[in-house]
Chemist: 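Starting off with a structure, shown below.
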Amino acid sequence: MSEESNISESTSPAPSRHFIRQIIDRDLEAGKNNSQVITRFPPEPNGYLHIGHAKSICLNFGLAKEFGGRCHLRYDDTNPAAEDVEYVDAIEADVRWLGFEWGEHHYFASNYFEALYGYAEELIQKGKAYVCSLSADEFKEYRGVPTRPGKESPSRNRTVEENLDLFRRMRAGAFPDGAYVLRAKIDMASPNLHMRDPTLYRIKRIHHHRTGDEWCIYPMYDFAHCISDAVEGITHSICTLEFEVHRPLYDWILDQISIPCHPQQIEFARLNLTYTVMSKRRLLQLVREGHVQGWDDPRMPTLCGMRRRGYPAAAIRAFCETIGVTKYDSVTEMELLEYCVRQELNAKALRRIAVLDPLRVVITNFSDTEGINVQAINNPEDETAGKRPFPLTREIFIERADFAETPPPKYFRLSPGKSVRLRYAGFITCEDIEKDPETGEVIALHCRWDPPETKVKVKATIHWLAAPTAREAEVRLYERLFTVADPMEDKDKDFTDFLNPNALRTTTALIEPALSEAGAGESFQFERTGYFCVDTKDSQPGQPVFNQVVALKASK
RNA sequence: UGCCGAAUGGUGUAAUGGUAGCACAGCAGAUUCUGGUUCUGCUUGUCUAGGUUCGAGUCCUAGUUCGGCAACCA
């Protein structure tokens with residue numbers, strides 16, 4: 001490399017740095033946190049991860065990698081009512097699939113229940129927390145509303161001894177669920193509702209998927225999260241915008257207790273995508289009500305759904321980098337995700353031929369036994385992918401849409417008397433049409449074949465399959481899950497009213513023999529049609545089922 | 001009518017007081033044995049009104065609009 005190009009490279013503009021990178025840049029410059037970057041991805045195991053989580057995963061793990069730090073995988077499992085091990089395993093598989101590793105830094109907030117309890121007692125000792133006897137309804141009433149201050153609970157002035165005794169008995173199971181809660185003693189007049197003596201612990205006799213029946217009191221998110229971060233020595237605690245109003249409480253708790261570490265909470269805008277929904281609750285509703293066939297249904301925006309659909313992990317990573325990170329509540333167009341998917345697949349996927357909606361063609365100047373063998377290119381973007389033999393016989397199948405009896409304007413493909421190129425195999429000219437006498441439907445075409453050397457002037461090349469070698473396979477074609485960009489927009493309707501009835505269409509296609517041996521999870525480009533991935537659930541050896549990943553970019 | 005936050009083309013994002021740039025989408029063209037890919041060009045933008053400054057997307061003031069917050073959820 002010449003000196004000049006070295007210079008131009010070093011002076012080329014630095015890659016743009018989003019606001020969190022800039023915060024870290026400044027922290028590192030100031031020597032904060034011993035110049036370390038330790039992040040965490042803290043899912044609650046109460047549902048499957050979706051593309052919105054991918055943004056957070058790529059951010060947290062990506063930042064750690066970029067700055068030579070580390071990222072912890074920590075389950076925020078403080079509410080056993082909603083959580084389950086089923087989700088724990090699925091979450092790990094999804095994060096790994098995305099390409100990230102947590103090493104030995106695999107934690108559960110429930111690992112810290114004992115420590116958390118200790119900090120709660122410390123708060124009580126310091127007169128910063130009290131046990132409250134208000135019922136849930138009274139609690140609400142006392143809390144007040146945003147525009148009016150709340151009023152203090154009668155329990156607020158209990159002595160430290162009383163509070164300690166009550167809290168210990170709460171833990172010991174002396175009281176029924178809901179009888180008491182532990183609250184922070186902050187400020188009932190705070191304009192921030194979260195600072196009006198928030199609940200720290202509640203009594204819940206629910207079996208926990210990790211701690212079993214060891215506990216009947218469970219810490220709330222606000223208490224558990226900041227302390228878990230501090231215990232793990234997290235430097236940058238990155239979360240979504242809705243936690244912005246929780247930050248004063250995050251800081252307050254860590255300021256009151258004797259823990260040396262105080263991570264910085266930074267909020268960013270969650271991902272919204274057009275033509276889908278992104279909340280676990282609504283995704284769960286789609287599963288429960290049977291609108292889709294499960295969390296990993298290829299129509300779902302879940303990571304397992306996208307993986308099954310055939311979206312490459314690299315495409316999702318590229319997408320997450322492209323969308324950026326801001327505090328602006330935005331809606332990203334699905335087209336951008338699809339672009340990233342095509343970009344990745346175009347470079348990597350082997351080309352194969354499949355005819356989705358077959359129309360029989362008889363080559364009139366071939367005898368039954370006559371035929372030729374051509375070579376098909378496996379990937380024009382990658383010469384090392386090589387070629388494969390591809391036979392042409394008297395009877396072939398073409399795509400029904402590649403013939404038009406009365407061609408519309410600018411139709412380049414086959415029509416009566418017209419010619420097209422057969423991919424890799426010369427030309428055909430349509431000489432006759434065979435129709436069903438009853439329905440009038442075109443059932444076959446009779447065409448004359450000309451070899452490639454003929455140089456027939458055509459404007460289109462179509463794909464085709466030799467009838468004797470063609471095999472059948474189930475192909476699933478997907479459209480967007482919803483018919484409108486924002487299914488939540490109409491407040492008078494349920495989002496399920498906008499479900500796209502054509503989101504899944506199943507058909508039997510004709511595939512080339514090489515495809516019937518395709519392994520589960522393998523992706524191909526069906527030439528001129530789209531990208532397809534062998535379904536990992538419903539395929540049998542030698543009998544693949546194909547999921548359409550994404551169509552080729554629409555022709556103009 | 002409380003508090004917190006955010007506003008840059010259709011969408012997403014950059015510009016950190018000094019030429020408003022990039023990507024997606026759209027449109028047009030070139031190349032092409034995939035109406036794919038690739039390449040070229042084009043359309044479209046700083047929420048409003050004042051102010052500071054030689055100079056404002058950026059700083060100040062006022063407003064407008066949008067989002068979040070009133071689980072013993074996270």
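None of the values given here were measured: they were computed from a predicted structure.
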Chemist: May I ask you to say what A:Ala82 touches in the nucleic acid, namely base, sugar-phosphate or nothing, with a heavy-atom cut-off under 4.0 Å?
Modeler: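 Result for A:Ala82 = nothing.
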Chemist: Can you see if the side chain of A:Ser330 gets near the phosphate of B:U13 - specifically, an N or O under 4.0 Å from OP1 or OP2?
Modeler: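 Result: yes.
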Chemist: Verify, without hydrogens or angle tests, whether A:Asn60 (side chain) and A:Ile57 (backbone) share a donor-acceptor contact under 3.5 angstrom.
Modeler: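 No; zero donor-acceptor contacts below 3.5 Å.
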Chemist: Rounded to whole angstrom units, what separation is found between the CG atom of A:Leu241 and the P atom of B:C66?
Modeler: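 After rounding, the reported distance stands at 17 Å.
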Chemist: Under 4.0 Å, counting only non-hydrogen atoms across every strand here, what does A:Lys410 touch: a base, just sugar-phosphate, or nothing?
Modeler: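 The residue A:Lys410 makes base contact.
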Chemist: Between the base of B:G36 and the side chain of A:Glu381, is one N or O donor paired with an acceptor at under 3.5 angstrom?
Modeler: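 Between B:G36 and A:Glu381, which were checked side chain against base, a qualifying N/O pair under 3.5 Å is present.
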Chemist: Less than 4.0 angstrom between a side-chain N/O of A:Arg148 and OP1 or OP2 of B:G2, yes or no?
Modeler: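 No, no such contact exists.
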Chemist: Specify the separation, in whole Å, of atom NZ of A:Lys455 and atom P of B:C33.
Modeler: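 Taking NZ of A:Lys455 and P of B:C33, I get 10 Å after rounding.
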Chemist: Answer with base, sugar-phosphate or nothing: what part of the nucleic acid does A:Arg143 contact at a heavy-atom distance below 4.0 Å?
Modeler: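 A:Arg143: backbone/sugar contact only, no base atoms under 4.0 Å.
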Chemist: When all nucleic acid strands are considered with a 4.0 Å heavy-atom cut-off, which category describes A:Phe243: base, sugar-phosphate, or nothing?
Modeler: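 Base contact - A:Phe243 has a heavy atom under 4.0 Å of at least one base atom.
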Chemist: Tell me the interatomic distance from A:Glu244, atom CD, to B:C66, atom P, rounded to whole angstroms.
Modeler: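 Value for this atom pair: 19 Å.
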Chemist: Is the backbone of A:Met278 close enough, under 3.5 Å, to the side chain of A:His50 for a donor and an acceptor to pair up by distance?
Modeler: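 Confirmed, A:His50 side chain pairs with A:Met278 backbone.
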Chemist: Does OP1 or OP2 of B:U13 have a side-chain N or O of A:Thr326 closer than 4.0 Å?
Modeler: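 Yes, A:Thr326 has a side-chain N/O under 4.0 Å of OP1/OP2 on B:U13.
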Chemist: Just the rounded figure in Å: distance from C1' of B:A25 to CG of A:Leu273.
Modeler: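 In whole Å, B:A25 C1' and A:Leu273 CG are 15 Å from each other.
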Chemist: Give one of base, sugar-phosphate or nothing for A:Pro149, where a contact means two heavy atoms less than 4.0 Å apart.
Modeler: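 Result for A:Pro149 = nothing.
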Chemist: Answer with yes or no whether A:Glu242 presents, from its side chain, a donor or acceptor under 3.5 Å of a partner atom in the base of B:G67.
Modeler: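 There is none.
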Chemist: Under 4.0 Å, heavy atoms only, any strand: does A:Glu267 hit a base, just the sugar-phosphate, or nothing?
Modeler: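 Answer is nothing: A:Glu267 stays at 4.0 Å or more from every strand.
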Chemist: Just call it for A:His225: base, sugar-phosphate, or nothing, with non-hydrogen atoms closer than 4.0 Å on any strand.
Modeler: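 Result for A:His225 = nothing.
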Chemist: Look at A:Tyr328 and B:A7 and indicate whether a side-chain polar atom (N or O) is within less than 4.0 Å of OP1 or OP2.
Modeler: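 Result: no.
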Chemist: Checking only heavy atoms, does the side chain of A:Arg342 share a donor-acceptor pair with the base of B:U37 at less than 3.5 Å?
Modeler: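 It does not, because no donor-acceptor pair links the side chain of A:Arg342 to the base of B:U37 below 3.5 Å.
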Chemist: Report which part of the nucleic acid A:Thr529 touches: base, sugar-phosphate, or nothing (heavy-atom distance under 4.0 Å, all strands).
Modeler: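 If one applies the 4.0 Å heavy-atom cut-off, A:Thr529 turns out to touch nothing in the nucleic acid.
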Chemist: When you check the phosphate oxygens OP1 and OP2 of B:A74, does a side-chain N or O of A:Arg202 lie under 4.0 Å from one of them?
Modeler: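 Checking B:A74 against A:Arg202, a side-chain N or O does come within under 4.0 Å of OP1 or OP2.
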Chemist: Reckon A:Glu44 touches a base, only the sugar-phosphate, or nothing at all at heavy-atom distances under 4.0 Å?
Modeler: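 Since only primed, P, OP1 and OP2 atoms lie under 4.0 Å of A:Glu44, the category is sugar-phosphate.
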Chemist: Taking only Lys NZ, Arg NE, NH1 and NH2, and the carboxylate oxygens of Asp or Glu, determine whether A:Arg317 and A:Glu321 approach each other closer than 4.0 Å.
Modeler: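 No salt bridge links A:Arg317 with A:Glu321.
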Chemist: Between C1' on B:G2 and CG on A:Leu193, what's the gap in Å once rounded to a whole number?
Modeler: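 These atoms are roughly 9 Å apart.
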Chemist: Which part of the nucleic acid, if any, lies within contact of A:Ser135, taking any heavy atom under 4.0 Å across all strands shown: a base, the sugar-phosphate backbone alone, or nothing?
Modeler: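 Here A:Ser135 touches the bases of the nucleic acid.
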Chemist: Any base atoms under 4.0 Å from A:Val331, or only sugar-phosphate, or nothing? Heavy atoms, all strands.
Modeler: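 The residue A:Val331 makes sugar-phosphate contact but no base contact.
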Chemist: Counting just side-chain N and O atoms, does A:Arg270 come under 4.0 Å of either OP1 or OP2 of B:G67?
Modeler: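 Answer no for this pair, as no side-chain N or O of A:Arg270 is under 4.0 Å from OP1 or OP2.
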Chemist: Does the structure show a Watson-Crick or G-U wobble partner for B:G21, both distances under 3.5 Å? Name it, or say none.
Modeler: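 The answer is B:U13, by the H-bond criterion.
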Chemist: Would you confirm whether the ring centroid of A:Tyr117 sits within less than 6.0 angstrom of the ring centroid of A:Phe167?
Modeler: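 Yes, ring centres under 6.0 Å apart.
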Chemist: Could you check whether A:Arg413 gets within reach of a base, just the sugar-phosphate, or nothing at all, counting any heavy atom under 4.0 Å?
Modeler: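 Result for A:Arg413 = base.
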Chemist: What I want to find out is whether A:Arg528 reaches A:Asp402 closely enough, with some N-O distance under 4.0 Å, to be called a salt bridge.
Modeler: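 Salt bridge flag = yes for A:Asp402 with A:Arg528.
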Chemist: Tell me the interatomic distance from A:His18, atom NE2, to B:C22, atom C1', rounded to whole angstroms.
Modeler: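 After rounding, the gap between these two atoms is 16 Å.
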Chemist: To the nearest angstrom, how far is A:Asn346 atom CG from B:C24 atom C1'?
Modeler: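 One finds 16 Å between C1' of B:C24 and CG of A:Asn346, rounded.
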Chemist: B:C66 P sits how many Å from A:Lys491 NZ, rounded?
Modeler: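 Result: 12 Å.
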Chemist: Run the side chain to side chain contact (heavy atoms under 4.5 Å, CB included) test on A:Tyr180 and A:Phe175 for me, step by step, so that the C-alpha distance in whole Å, both residues' side-chain angles and the decisive distance to 0.1 Å come before the verdict.
Modeler: CA-CA 8 Å; A:Tyr180 294 101; A:Phe175 311 116; 3.6 Å; yes
Chemist: Please work out if A:Tyr339 contacts a base, only the sugar-phosphate, or nothing of the nucleic acid, heavy-atom cut-off 4.0 Å.
Modeler: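 Contact class for A:Tyr339: sugar-phosphate only.
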Chemist: What donor-acceptor contacts under 3.5 angstrom involve side-chain atoms of residues 327-335 of chain A, with partners at least two apart or in another chain?
Modeler:
from, atom 1, to, atom 2, distance (Å)
A:Lys327, NZ, A:Glu244, OE2, 2.7
A:Lys327, NZ, A:Glu267, OE1, 3.4
A:Asp329, OD1, A:Asn272, ND2, 3.3

Chemist: As a test of reading the structure: which of B:G12, B:C24, B:C69 is closest to the side chain of A:Thr332, going by heavy atoms?
Modeler: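 Selected nucleotide (nearest to the side chain): B:G12.
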Chemist: Please confirm whether any donor atom in the side chain of A:Gln525 sits under 3.5 Å from an acceptor in the base of B:U34, or the reverse.
Modeler: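 Flag set: donor-acceptor pair detected.
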Chemist: State the syn/anti category of B:A20 according to its glycosidic angle, syn meaning within 90° of 0.
Modeler: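 Here the answer is anti: the torsion falls beyond 90° from 0.
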Chemist: Please determine if a side-chain N or O atom of A:Lys553 lies less than 4.0 Å away from the OP1 or OP2 oxygen of B:U34.
Modeler: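 Looking at the OP1 and OP2 atoms of B:U34, neither is under 4.0 Å from any side-chain N or O of A:Lys553.
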Chemist: Would you mind classifying the nucleic acid contact of A:Lys280 as base, sugar-phosphate or nothing, using non-hydrogen atoms under 4.0 angstrom?
Modeler: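 A:Lys280: no heavy atom of the nucleic acid under 4.0 Å.
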Chemist: Taking NZ, NE, NH1 and NH2 as the nitrogens, is one of them in A:Glu232 or A:Arg74 under 4.0 Å from a carboxylate oxygen of the other?
Modeler: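 A salt bridge links A:Glu232 with A:Arg74.
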